[in-house]
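Here is how names work: the chains are called A, B, and so on, in the same order as the sequence lines, proteins then strands, and each is numbered from 1.
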2 protein chains.
Amino acid sequence: MRESQTAEMRPYHHGDLRRALVDAARRILEAEGPTALSLRAVAREAGVSPAAPYHHFKDKAELLDAVAQEGWEMLDAAMGKAMAEAEAPDKLTAIGISYVCFAREHPALYRVMYDAARDKADLPEEMHDNEDSPYCKVRDTMVALGADPGDAIDLELATSAAWCAAHGLAEMAGFKQFDHLKEALGGETPFLRAIFRHMGLSPLDRRR
Amino acid sequence: MRESQTAEMRPYHHGDLRRALVDAARRILEAEGPTALSLRAVAREAGVSPAAPYHHFKDKAELLDAVAQEGWEMLDAAMGKAMAEAEAPDKLTAIGISYVCFAREHPALYRVMYDAARDKADLPEEMHDNEDSPYCKVRDTMVALGADPGDAIDLELATSAAWCAAHGLAEMAGFKQFDHLKEALGGETPFLRAIFRHMGLSPLDRRR
DNA sequence: CAAGATATCTTTACGTCGTCCAGATATCGA
DNA sequence: TCGATATCTGGACGACGTAAAGATATCTTG
């Protein structure tokens, strides 16, 4: 429970500047958006000189990577909570909604996460490749709900399709063009649920 | 048929600098990516001073808006071509594939397009609101393929879902994580087709 | 056609940014 | 204890977005 850092009373070397920098970056991101997130602003917010971050991160991109990683962990937690709480018939939709809601509640952070991933054309393995990653958990949920685990390719396609659908929805749900649909359906969550119903989220819902 | 601009022989006022700036921006975008796209670099490429663009655009964002708008027009054309050529059973999938292929062939431009749109939370109306916009044409195609035009909300949901699906796929198809699926399915286009099959692109494919 | 009004472009300048380097200072290992 | 090492500061460099003032070409109007 470290208390806030007003650059007052810096005892020795600051303790854990790396931690403080990531926190500062997150604070700036939520308060002022991605355009205000400069390395110098982060250093300023943490109460150190503009060059100090370079002893903890190779460059700005590496700092953003650290911020993004915390974002992925938060997203993992949000999806895990939804997986634990949701019940069978709408389980996959509930997971998808938890995904989109996270992105909508932390738009700047979500943007940093995907910008970093896209630059490397690589999703973090704790999200996609690890055995307990959200990707694998969604895939296993699909099997638990009746998807055929024999056709491995098809199962991966279904999981990937669900992920792409959630991402696309997360990025587009904020556009004005959907306002009247949200209103007609009685709020953002019903809107998301209705859209997901058109996206074949569950293989159980699929034709053929 | 204006020949290339090597800053040589500038007759009077340059003729049409606005046009030249947008072209220069597009050239930089395709050759060096979005990070290299600075206002100064655009001016340099067009052979004018760093301040010259300010007589044609309020600021950098407005230049990017102009670039983005040309991108939307190109996307419109690509989708229109697919709509004209594709035949009934896979028509919607073919349109979706044309969308994703455009994004994959012009990744930097596609990024500029959506960055600009997201900043305003507004899709360009020539894409979504106009009567002959791709959105409306996709919607009408759905009706032509058998969707119920009576349930207006549901029809809009289906169209929006298709759009979100295409966008999500466009943004994610480049990730390494999908390489083995593309390989297993014999290329990028079969991969896209297979994924779309899981995304309920057409209301005709839908359950219930 | 002359001459002022206007549009276009250049020059210069300011503040901010990412990053590097040389020094200062604090911690740690022998 | 003292040298090695890690951490932080200060100052500097070039690139950026943008504004202001001056130059130059076109347009308008008499």
Side-chain angles (χ1 to χ4, degrees), chain A residues 2 5-25 27-29 31-68 108 111-112 115-116 119-120, chain B residues 2 5-25 27-29 31-68 108 111-112 115-116 119-120:
Chain A
R2 58 203 326 291
Q5 68 328 306
T6 10
E8 295 300 338
M9 188 62 230
R10 189 109 41 73
Y12 44 142
H13 261 315
H14 185 289
D16 189 355
L17 181 55
R18 185 189 162 91
R19 196 54 292 195
L21 288 169
V22 174
D23 288 348
R27 237 171 299 143
I28 292 173
L29 213 46
E32 309 173 60
T35 63
L37 188 63
S38 69
L39 236 195
R40 295 179 101 104
V42 172
R44 225 176 291 137
E45 170 85 12
V48 294
S49 81
Y54 285 88
H55 293 271
H56 301 272
F57 303 98
K58 186 169 72 56
D59 54 15
K60 184 186 182 183
E62 208 171 275
L63 204 198
L64 294 200
D65 279 348
V67 173
R111 198 145 158 185
V112 168
D115 282 352
D119 285 346
K120 301 181 289 192
Chain B
R2 56 204 329 289
Q5 68 328 306
T6 11
E8 295 299 337
M9 188 60 231
R10 190 110 41 74
Y12 44 143
H13 261 311
H14 186 290
D16 189 354
L17 182 56
R18 184 189 162 92
R19 193 63 289 217
L21 289 168
V22 174
D23 287 348
R27 238 172 300 146
I28 292 173
L29 212 46
E32 309 172 59
T35 62
L37 188 64
S38 68
L39 236 194
R40 294 177 102 103
V42 172
R44 223 176 292 136
E45 169 86 12
V48 294
S49 81
Y54 285 88
H55 294 270
H56 301 272
F57 303 98
K58 185 170 72 57
D59 54 15
K60 184 184 181 184
E62 207 172 275
L63 205 197
L64 294 200
D65 278 348
V67 172
R111 198 144 157 186
V112 168
D115 282 350
D119 284 346
K120 301 181 290 190

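Atom CZ in R18(B) sits about 16 Å away from atom P in dA7(C), given to the nearest Å. Distance NE2 (H56(A)) to C1' (dT5(D)): 14 Å, rounded to an integer number of Å. Between L21(B) atom CG and dT8(C) atom P the separation is 12 Å, expressed in whole Å. Here the C1' atom of nucleotide dT16(C) and the CD atom of E32(A) are 14 Å apart, to the nearest Å. Rounding to whole angstrom units, NE2 of residue H55(A) and C1' of dT7(D) are separated by 6 Å. Taking atom CG on L17(A) and atom P on dT25(C), their separation rounds to 19 Å, with Å as the unit. R19(A) places its CZ atom 18 Å from the C1' atom of dT7(D), with the value rounded to the nearest Å.
Proximity of a side-chain donor or acceptor of D65(B) to a complementary backbone N or O of A68(B) within less than 3.5 Å is not detected. Under the 3.5 Å distance criterion, the side-chain polar atoms of E45(A) are left unmatched by any main-chain donor or acceptor of A41(A).
Across all non-hydrogen atoms, the minimal contact from K60(A) to L37(A) is NZ-O, 3.2 Å. Across E62(A) and H56(A), no two heavy atoms sit closer than the pair OE2-O, 4.3 Å.
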Return a single string for nucleotides 11-19 of chain D, one symbol per nucleotide in 5' to 3' order, where B is base contact, S is sugar-phosphate-only contact and - is none, cutoff 4.0 angstrom on heavy atoms.
-B---BBBB

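A salt bridge does not link D23(A) with R27(A): every distance from a Lys NZ or Arg NE/NH1/NH2 to an Asp or Glu carboxylate oxygen is 4.0 Å or more.
Considering only residues two or more places apart in sequence or on other chains, Y54(A) meets the side chain to side chain contact (heavy atoms under 4.5 Å, CB included) condition with L39(A).
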